[in-house]
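Small disclaimer: the values here were computed from a predicted structure and weren't measured. Both ligands and their constituent atoms are indexed starting at 1 by order of listing.
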Amino acid sequence: MPREIINIQAGQAGNQVGESFWSMLLAEHGLDDDGLYKGNDQLQLDRVGVYFTEVEHAGQSTKYVPRSVQVDLEASVLDRIRGGKIGSLFRPDTFLAGSTGAGNNWAKGFYTEGAEMIESVLEMMRRQSENCDALQGFQMIHSLGGGTGAGLGSLMLSKFREVVSFFPTMS
Ligand SMILES: Nc1nc2c(ncn2[C@@H]2O[C@H](COP(=O)(O)OP(=O)(O)OP(=O)(O)O)[C@@H](O)[C@H]2O)c(=O)[nH]1
Ligand SMILES: [Mg+2]
């Protein structure tokens with residue numbers, strides 16, 4: 001049984017580093033940019049379930065979809081990733097974009113703009129968690145400068161700490 005990990009990437013740095021992270025994982029598991037298996041070694045698929053969810057694609061082949069949530073308080077970086085090389089890899093409903101940004105301000109990410117978004121973030125994480133058999137943990141990618149990754153990132157971390165205690169497999 002895979003021990004699933006749920007990734008969450010926040011802010012510009014988080015989403016850009018995240019895009020590279022997922023490209024690396026595709027190469028490691030022999031997957032193409034749409035998450036379809038193109039490799040020739042069964043070992044590549046042995047642990048693919050840790051980071052990817054398997055879904056039926058076009059009724060026949062299996063598509064591997066990142067177990068990931070992409071968050072930013074402004075839309076531009078997420079729009080670029082969605083329209084980019086691996087944009088169709090992600091579940092479309094796992095992108096969450098605000099409109100105001102956090103303007104390099106930690107407090108906007110933690111107390112105001114980010115705080116208004118945290119319930120939606122937790123709802124997305126809950127949905128991803130419920131699809132897991134033995135959730136191993138959450139992985140966060142974000143910067144410590146800026147406003148979104150830093151401020152909203154801190155808020156997410158404190159909220160995750162609260163919920164992790166309810167998951168026996170993660171304690
Ligand atoms: N390594 C790396 N660092 C980055 C990248 N993009 C931004 N940064 C760094 O991240 C810091 C700024 O944070 P951002 O991630 O841009 O800010 P944000 O989280 O989007 O927050 P706001 O835009 O203020 O709402 C600076 O130190 C940048 O140098 C990236 O793609 N890779
Ligand atoms: Mg930003």
Open item on the list: For residues Val121 and Ile81: do they belong to one hydrophobic cluster (side chain heavy atoms under 4.5 Å, members Ile, Leu, Val, Met, Phe, Trp, Tyr)?
Closed with: no
At less than 3.5 Å, what protein N or O atoms come close to the N or O atoms of ligand 1? Include the distances to 0.1 Å.
from: ligand 1; atom 1: 6 (N); to: Gln16; atom 2: NE2; distance (Å): 3.4
from: ligand 1; atom 1: 13 (O); to: Ser143; atom 2: OG; distance (Å): 3.2
from: ligand 1; atom 1: 15 (O); to: Ala13; atom 2: N; distance (Å): 2.9
from: ligand 1; atom 1: 15 (O); to: Ser143; atom 2: OG; distance (Å): 2.9
from: ligand 1; atom 1: 19 (O); to: Gly149; atom 2: N; distance (Å): 2.7
from: ligand 1; atom 1: 20 (O); to: Gln12; atom 2: N; distance (Å): 2.8
from: ligand 1; atom 1: 21 (O); to: Gly147; atom 2: N; distance (Å): 3.0
from: ligand 1; atom 1: 21 (O); to: Thr148; atom 2: N; distance (Å): 2.8
from: ligand 1; atom 1: 24 (O); to: Asn104; atom 2: N; distance (Å): 2.6
from: ligand 1; atom 1: 24 (O); to: Gly147; atom 2: N; distance (Å): 2.8
from: ligand 1; atom 1: 25 (O); to: Ala102; atom 2: N; distance (Å): 3.1
from: ligand 1; atom 1: 25 (O); to: Thr148; atom 2: N; distance (Å): 3.4
from: ligand 1; atom 1: 25 (O); to: Thr148; atom 2: OG1; distance (Å): 2.6
from: ligand 1; atom 1: 31 (O); to: Gln16; atom 2: NE2; distance (Å): 2.6

Task: Ser88 versus Asp33, closest heavy-atom pair with distance - done: OG-O, 4.4 Å
Open item on the list: Ring-plane angle category for Trp22 and Tyr51, please: parallel below 30°, perpendicular beyond 60°, tilted otherwise.
Closed with: perpendicular
TODO: List the atom of Met156, the atom of Ile118, and the distance in Å for their closest heavy-atom pair.
DONE: CG-CD1, 3.8 Å
Task: Aromatic ring proximity, centroids under 6.0 angstrom, Tyr64 and Tyr37 - done: no
Open item on the list: Quick check for you: to the nearest 0.5 Å, what is the distance between Gln12 atom CD and Thr148 atom OG1?
Closed with: 9.5 Å
